[in-house]
Amino acid sequence: MELKILNIGILTWLTFLPVLGMIIVLLLPKEQKSAIRWTSLFSTLVQVIFAFLLFAKFDRSLGGVNSAATMQFNELFNWINIKSSSWFGIIKIDYYLGVDGISMPMVFLTAIISCIAVISSWNIEKSIKGYFALLLLLDTGMMGVFVSLDFFLFYIFWEVMLLPMYFLIGVWGGPRREYAAIKFFLYTLLGSVLLLLAMLALYFSVSVIDPVTGTKIHTFNMIAMMNPANFDAGSLLAGASTYWRYVAYVAIFIGFAIKVPIFPFHTWLPDAHVEAPTAISVILAGVLLKMGTYGLMRVAFPIFPDAAMYFLYPLAFLGFVNIIYGAFCAMAQKDFKKLIAYSSVSHMGIVILGMAAMNTQGMVGAMLQMFNHGTITAMLFLIVGVIYDRAHTRGLDDFGGLMNKMPGYSGVMVIAFFAAIGLPGLSGFISEAFSFLGAFQTFRWLTIASAFGIVLTAGYMLWTLQRVFLGTLPEKWNGLTDINARELTMLVPLAIIVIALGVYPNLMLDVMNTSANTLVDFVKGSVGLAVGN
Amino acid sequence: MNTEIILQNLSLIAPELIVVATLCVVLLAHLVARKNTQLMMLLSVTGLLNALYLLTGNIHVTVSAFSGMLSIDPFATFFKIVIVLATIAVVLMSRFSDEINAEHTTIGEYYFLVLSMCVGMMFMVGSSNLIMMYLTLELAGLTSYVASGFTRKAKDSSEASLKYLLYGAFSSGVMLYGMSLIYGLTGTLDIAGINRVLMQGSANGWALIAASIFLIVGFGYKISAVPFHYWTPDVYEGAPVTITAFLSVASKAAGFAMMMRAFKVMFIDSSVTNLPAGTWALIHGVHVQQVIVVISVMTMTLGNLVALWQDNVKRLLAYSSIAQAGYMLLGLVVLSNDGFAAVMVYFVVYLFMNLGSFYVVMLISNKIKSEHIDSYRGLGKRTPLLSVALAIFLISLTGLPPTAGFIGKWMIFLSLINAKMVLIAVIGVINSVISLYYYVRVIRNMFLRDENEFSGTITFSLPQQILLLSLLVPTLYLGLFFNNLVAFAQYSVKMVGF
Amino acid sequence: MNLYEIIFYAFAVVTVGSACVVVFSKNIIYSAFALLFTFFGVAGLYVLLNADFLAVTQLLIYVGGILVLLLFGVMLTSNVVSINVKSGSLHILAAVIAVALLAGSLSGIIVMTDWFVTKSTGEITLQTTSKEIGTALISTHVLPFEIASVILLVAVVGAAMMARRERSKTNV
Amino acid sequence: MEITLTHFLLISAVLFSLGVFAVITRRNAIMVLMGIELILNSANINFLAFSRYGGMNIEGQMAAIFVIILAAAEAAVALAIVLNIYKRFNTVNVDEISILKD
Amino acid sequence: MTPHLIIALAVLLLPLVSFIFLIFFGKRLTKISGHIGTTFLGIDLLLAIYLFFAKLYDTAASWDFTFSWIDFHTTLNNIPLKLDIGIMVDNLTAAMLVVVTTVSALVHLFSLAYMKDDVRYSRYYSFLGLFTFSMLGIVLTNNYFMMYAFWELVGVSSYLLIGHWYEKKSAADAGKKAFIVNRVGDFGFLVGIMIVWMQFSTTTFSGIFGAIGGGKIPFGSDTWLTIAGLLIFCGAVGKSAQFPLHVWLPDAMEGPTPVSALIHAATMVAAGVYLVARTFPILTADALVIIAYTGAITAFIAATIAIVQNDIKKILAYSTISQLGYMVMGLGVGAFTSGVFHLVTHAAFKAGLFLGSGSVIYAMHNALHHVNDHHTDAQDVRSMGGLKKKMPITFWTMLMFTLAISGVPLTSGFLSKDEILAGTLSFAHFTGHSAIPFIGFFVAGLTAFYMFRMLILTFFGDHHDAHRAEHLHESPWVMTVPLIVFAVLSFFAWYSFNPIGAKDGWFYAKITTPHVVVPEHIAATPTEEFLEEVHHQHNLTMLISVGVAGFGILMAFVIYYWKKISADALEKALKSVHTFLYRKWYFDELYDATVVAGTIGLAKVLAWFDAKIIDGIVNGAGSITKITSVISGKFDTYVVDGLVNFTAYFAGLFGLIFRKIQTGKVQTYILFAVVGMMVFVVLFGM
């Protein structure tokens, strides 16, 4: 599967378009505010178009995951090639991009969310030039993570995304922004250095025949790492179910868990969300969190199937904890954003649970839940942003009766809220249902316990709904105006996606399905032990 | 050893001779044209560029010159190039440094000192005889003592020079005593010869260890490794920024080169053959490896932890450079050519990012007359270019991609993992996470915090910005395209006899 | 107890004794003069180690040069007429412990180690080494020799620069 | 009793220790320098002793020569620096010269 | 795609169309929107009726249209893993369709007047459409997955309709309560679905029944089959307001009265019963017993509470719960057809009752409005009375409904109720659970009593405020017509021409007990034997039921009409009992004290835990930092600065110690260096 534009692969386009935009933005004088805004918007819009193109051309029947042949839109160039000493062997790093059913939806999501983030940043005034430059850089980082198949490249993008995020929270954030920003930075870095070590260990354990020279060389190629045959005998991570393999898996897992975030590494999330400006919260919840789970699917599971199976139950248990714990914490919040932040923790727990099920429904459910949570939570944060822009408070108890005052706003809000609750006909329902259905087959009681989360979710969501939108309007908010066109333009597309996927989930499912099967079969197959509860 | 051999050998040290010649010329120029500071700068730069050119000619040479006193080999040449580059950068930096220009009456001596430091270091990296090591070390040392006290009117500068002097003289004295012991054990001062004698296994363990530790005292002081680092923060803070920058890069590099050569050549056990290619073992009973492991862990940890508390950016960078030395030492403990190569790569990137950050600090203190971290508030607004540059340098020092600093660390950890030293690697990465915090404190003050009232933008001249960019661009470029750098480093681990 | 030994012990006592005075005396002037005797004693030991040339060099440079410099230093940094030539000392205890440990282990090492010695010790005929040193300086050790010269140059310039009275009165 | 290598080494060891002691304890900078000179001398004694008992190999003596030269150079620079310090601080007591610290 | 499928789909989708149309254009259309919605439903009703007859005179057992919705391209237990959805029409469905559409249509009509000057008139109608759509979905689907989906949708639409007047906190609360309580039931339902999906990798009824019929039972254990059945029944418990989840229904009366008539009398609450009926084939004997008792207990509790309520709608609400309990009990004992039959009849007369009460409230409201009385509660029966003369149509229809619900002969209620009671007796005969029939009859008596109490208090006697009485008058035709229709529908003749034998009617002929697929040894009494026994018990049942009903009615008249016994006296005499019942057995208080308070409390605790402990452990924030401030005053500011990472906290501490070494005295440095050197020498020397 090839798709080139101006003889440059589409994935490269997708990844580096924002950088182009960034460069232009940097070249523009900082007085040209609207020019800067439009440039950013344009570059992200083109990105969205390309994403649609990709989505259309994507071959649903190819599995990907661990077979390079069925990866799509591949771009493989040699990037680093060092004729090194015999101890290191030839150091070869490839610029290797490609998508499969796991990454395709994420690419799509990233494009859309970034575009919407740009729109929602329209009213940023503080040093807007830097803001959009960083936003676009962040976009590239995220996109790169999802499309790169070379571990080194993956890691580079993974880290590239940190710094912009730090600044975006730290400079344009709320009162405690410094604290939130550094907390986010330290946490994620801590995770990623563990990732780095695991990556290096893998590098020296895996070697493949170099197509050029025909000699055996070490490689950062993830797909090669997934093939047990490529592990050199006697290397650190050789064999199956060895001590070091478990250690490496746990290291990688922590690296990703911090991003998800999985209890108890989640405490950065509420702070970051609350302090970050709306657009950044949207990106955080919409895309960044998915990187953790994506990483688990793309890296941790297929490369360490044995360890993955070995730690399946703990993983599921963490998922359960996330769901219930997040829900309870959300219930007690007074701050609108914090509430949604904790609801994210809860919803990502469902993803974890679905993944841990290690069967088709669970995996598909998890993937779909990743996408849906991305869209739904994005909507929720935008909704908070809309009201915050007007009222400059996020206290749940300061509001009430907005339903009458802002009908249009309330309409969108109702959709978002019920999607979050998991109402049939809206996207959230399908993914949650599948995650639970899948998980139930692997972990009976744990899933029953987790499924109780749907009741709690309904509880805090409706409570919020009531506190903010029902009841009578306090006098001080008589001045509030209804949602405006710009805000609608960013909310409506998401709403459409939410409804469309709710009614006809196949739109996404058939993209994910084959890969999900491949992944599950591969992980289970390469270990062969059946998982019970 | 007759005359023509000597002459022929002289051609091998042409670069050093050029620099020596230059420093004499500069001195004379200073006498005749005292006012014309520009001239002396240009003279020095020309000389150095010449030396650089000649060095590139020496890349493939591998000989032992002056009856084994000096080795001319890729390893030495690599470090000489680093040193000369650093010198050039520092000379140019000095041009923009207010505190240096304030001393215009003695500006000639200043360049003279910098150049003679350069010479000393260039000889250090090549010297393969203990007495040579001692002499060159002292040559570099004496000049640095004086140079760090260059701005004599400033109290702290004088104090820095005194502390540096006492500490340095003491350390080199101890080192010398260690050398004498080794001489007593082996009957020779030529490191290759020492190795030959040691290989016969006649050497007694404890004496040898004591001697090597005495040596380490000397080296450790030069590369400011814990627990021999104490002079570093004070001297770095007190000395003129340019000198600090020079010491933190060139002097460290020279020290490392000397140390690496000494340990590899003296203590390698060439009889062990069943090792992976490119790695080697040390003579049985010499615990140098463990010593260095301990030292490196202590160095990076202490450097980072204390740096957390610094409010003076210069001092903060001093501690950071201690920590950096710790990472580099990790490259030694793996006992492999690639470990060495990693150190060398690290030095190249370190050259750019560290000089860069000191340069920015200097420019800023020129304008705002302060190096306190709180005075950096709102710099992001006042001088975007510099702030962004400093941010990139610091991020690079932290070791985050896509900056060159990442590649340095990456190579180090690569060799550690390959040597299966996982625990040490973990300690290393945890340290780099800690280091993030204090580097980011500076960045935070520049961008996240505003001054109480905006005190206007700061502008810098075009040459200043060009120099900045010439340090900044490699820091970014090498982060993504390190192909040739690494290849060159791995070629350059070649030493005389290995 | 032949002459050689007598002489040795004499010098040894002189060296060590005066060194102790140097280190422990409260008065800098005393220390400085004691140092003179130390250098003499060391020179004597050199002779016993039949390094005649070095003995002479020692006397010339140390006594004639370095010691004088140090005395100058003393004079310039403390006015002798007053009794401000006393110099205190700090963290004695820690120093004593550390140094004792140092000395202990050193002597341990010295005694236990079998040093690199050609077994034909005893009577090596006393002969001058000046010639060998001379040739070495211009052949094998020519490079160190040159470097030493550079060092001296640097030292001269540096010292001059450091010590020079600045003519501009704009002191800090 | 035969005079052996050990005797010389012991003397040098004593000088070395005394030197170190002086360097650590004496407050006056010049005293510190004297201590350093002692250290250098002890090293020299070692060199010569080893050279003597190592069968008259000349290397030790060469080393000693260079050490002496260097000691001279060092002393010169040191004195200059000390004088400079005295100008700034009006004292040469090392422990009073500590504006640079954490 | 047969025409029938198309019609079925049309029936399903028309209300949805109405919903979408009105939600978008309702605002502009204002008042017309009501008529539009009603028209849609009218057409819907006609289609439904056509479908009904088409099905009834069709020989096929059911029309089943299944199509694959999601295909996972893999297998589970060697069965291709697919998610099939589809719609199925059998006689039961057809009947339900008519019921739902009829009630819905009439409620639409009724609302035209009742809601005419409501602020959110159009939204009200659009939500009615949404609700009807979801309800029809439940009825039409052929698989549990879809049913669960529509199940949730019904919950939401009811949430929206209950909270229609959300400015009132009570209304908002009621909506929330309804939704969450339902969710609790749905949670069980979901788990049940998980089990069947996991075991049979399909959720279609036919598929599951087929599998179990084929001898495959969940996890190969009888218990699990029972559990699965009961879990699915949980859904019914939630929706049909069975004990212990019945608490939401009374509160739901906060919604507009027509909504109560539609959702909380005729359709949504009946959905639970429908679910049980659908699941009937896989219910084991144990499951059925539990179901039966649940129904019985519910019926009893609700009835007792209904006696003492004064709010006309509350009374009806509790009577609804009680009747639902009846139906569930009926199904539980195995009287499948009777249960369903009662559902249908009850739908008619209970909807009628609510609309009637609606009409009364409407009248009262206007009257109160005229006399500017804003204190009197328009729904309190004690402030009514004597409405017979003022609003005759309402009265006569109401009377008809009351008779029906009390089970007086010649009414539809009589037919269905008797069958259920007969069923209970036969059940007792086979299983020995004689408590069930006992409760059954007792409740029948209570029902008659409290219904007539309500009727008497409302319509008989004189209105106790003459001034207000002048302003009372009959409601407009749009409101009375539905009443009349329902009243007509409450006659026996529609269901069976034999006034005392429902058996001879079409209903029993067409809607028969489905084939039970549960393995014999755990199955309930085989249908044939059971019905045989029912036949024997029939006459006895009739006598007793008529007796108790008559007695109940008599007592009502004695106490509230002739006032031979003073109600107040009774109340005083049985003070404690009265309060206990009046307070609805303290269920709400209990739940608030335990479940709700528990949850909120736990949430608070965990939130604190998260903020302090977790964050603390990972970050060393909070109290830990206080201790450290002793070490250095600076430290706190640093902590606030962001040095909160716990490791970094110790790091900071060590850093603090290390930097103390940096005294600035060079000789100290040298000392430390020497010490370090010696440490190495000794350490590595030994």
Side-chain angles (χ1 to χ4, degrees), chain C residues 4-5 8 12 15-16 19-20 22-23 28 31 35 38 42 45-46 49-51 54 57-58 61-62 65-66 69-70 72-74 76-77 87-92 95 99 102-103 106-107 110-111 115-118 120-121 124 129 132-133 136 141 144 148 151-152 155-156 158-159 162-163, chain D residues 1 3-11 13-18 20-22 24-31 33-35 37-38 41 44-45 48-56 58 61-62 64-66 68-77 79-84 86 92-93 95:
Chain C
Y4 185 83
E5 294 170 22
F8 169 78
T15 314
V16 176
C20 292
V22 170
V23 176
I28 307 179
S31 309
L35 192 61
T38 318
V42 173
L45 292 175
Y46 287 178
L49 292 166
N50 64 33
L54 271 161
T57 325
Q58 168 90 356
I61 295 182
Y62 267 104
I66 299 174
L69 272 176
L70 290 175
F72 267 119
V74 176
L76 292 172
T77 57
S87 133
S89 44
L90 60 162
H91 34 62
I92 299 290
V99 172
L102 178 64
L106 277 183
S107 37
I110 290 166
V111 176
W115 300 97
F116 178 87
V117 288
T118 48
S120 69
T121 50
I124 291 175
T129 53
E132 297 176 52
I133 294 175
H141 287 65
I151 292 179
L152 289 173
V156 169
M162 262 292 169
Chain D
M1 182 179 114
I3 303 295
T4 63
L5 172 64
T6 318
H7 292 72
F8 289 98
L9 296 188
L10 285 174
I11 292 177
V14 172
L15 283 188
F16 183 72
S17 314
L18 286 171
V20 173
F21 187 82
I24 297 177
T25 55
R26 306 311 305 270
R27 298 172 61 213
N28 186 314
I30 299 195
M31 290 302 301
L33 292 177
M34 291 184 188
E37 296 304 341
L38 286 181
N41 270 284
N44 265 357
I45 294 176
L48 293 175
F50 288 129
S51 127
R52 156 80 166 70
Y53 289 88
M56 289 314 297
I58 198 70
Q61 301 212 0
M62 298 310 297
I65 288 181
F66 289 116
I68 293 175
I69 297 172
L70 217 126
E74 199 171 69
V77 171
L79 254 300
I81 290 176
V82 171
L83 290 181
N84 183 37
Y86 187 68
V92 288
N93 285 355
D95 57 323

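By convention in this document, chain letters (A, B, ...) are assigned in the order of the sequence lines, proteins followed by strands, and residues within each chain are numbered from 1. Computed from a predicted model, the values in this text were never measured in an experiment.
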For chain C, which of [options] has the most heavy-atom pairs under 4.5 Å?
| options | answer |
| --- | --- |
| Ile81(D), Leu83(D), Leu79(D) | Leu79(D) |
| Leu9(D), Asn41(D), Ile68(D), Val20(D) | Asn41(D) |
| Val14(D), Leu18(D), Thr6(D), Val82(D) | Leu18(D) |
| Leu5(D), Thr4(D), Ile24(D) | Ile24(D) |

Between [options], the one whose heavy-atom pairs under 4.5 Å with chain D are most numerous:
| options | result |
| --- | --- |
| Thr38(C), Leu70(C), Thr57(C), Val16(C) | Leu70(C) |
| Leu102(C), Ile92(C), Ile133(C) | Ile133(C) |
| Leu106(C), Ile110(C), Val42(C) | Ile110(C) |
| Ala12(C), Gly65(C), Ala95(C) | Ala95(C) |
| Ala148(C), Ala51(C), Ala103(C), Ala136(C) | Ala51(C) |

Find the distance between [atom1] ([X]) and [atom2] ([Y]) and round it off to the nearest 0.5 Å.
| X | Y | atom1 | atom2 | answer |
| --- | --- | --- | --- | --- |
| His141(C) | Gln61(D) | NE2 | CD | 11.0 Å |
| Met34(D) | Ile66(C) | CE | CD1 | 12.0 Å |
| Gln58(C) | Asn44(D) | CD | CG | 7.0 Å |
| Thr77(C) | Asn93(D) | OG1 | CG | 9.5 Å |
| Glu74(D) | Leu69(C) | CD | CG | 12.0 Å |

Which heavy atom of [X] sits nearest a heavy atom of [Y], and at what distance?
| X | Y | value |
| --- | --- | --- |
| Leu152(C) | Ala73(D) | CD2-CB, 3.9 Å |
| Leu76(C) | Tyr86(D) | O-CE2, 3.4 Å |
| Ile30(D) | Val74(C) | CD1-N, 3.3 Å |

Residues in side-chain contact (heavy atoms from CB on, under 4.5 Å) contact with Ser107(C), at least two apart in sequence or another chain:
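With sequence neighbours excluded, Ser107(C) shows a side-chain contact (heavy atoms from CB on, under 4.5 Å) to Leu10(D), given in chain and number order.
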Checking [X] against chain C: side chain, backbone, both or neither under 4.5 Å from a heavy atom?
| X | value |
| --- | --- |
| Phe66(D) | side chain |
| Asp95(D) | side chain |
| Leu15(D) | side chain |
| Leu38(D) | side chain |

Ignoring hydrogens and geometry, is there a side-chain-to-backbone donor-acceptor pair from Arg26(D) to Val23(C) under 3.5 Å?
yes
Residue among Ile69(D), Val77(D), Leu70(D) satisfying side-chain contact (heavy atoms from CB on, under 4.5 Å) with Ile151(C):
Leu70(D)
Could you walk me through whether Asn50(C) and Arg52(D) satisfy the side-chain contact (heavy atoms from CB on, under 4.5 Å) test, starting with their C-alpha distance in whole Å, then the side-chain angles of each, then the deciding distance to 0.1 Å, before giving a yes or no?
CA-CA 7 Å; Asn50(C) 64 33; Arg52(D) 156 80 166 70; 3.9 Å; yes
Measure Ile61(C) against the heavy atoms of chain D and call it side chain, backbone, both or neither at under 4.5 Å.
side chain
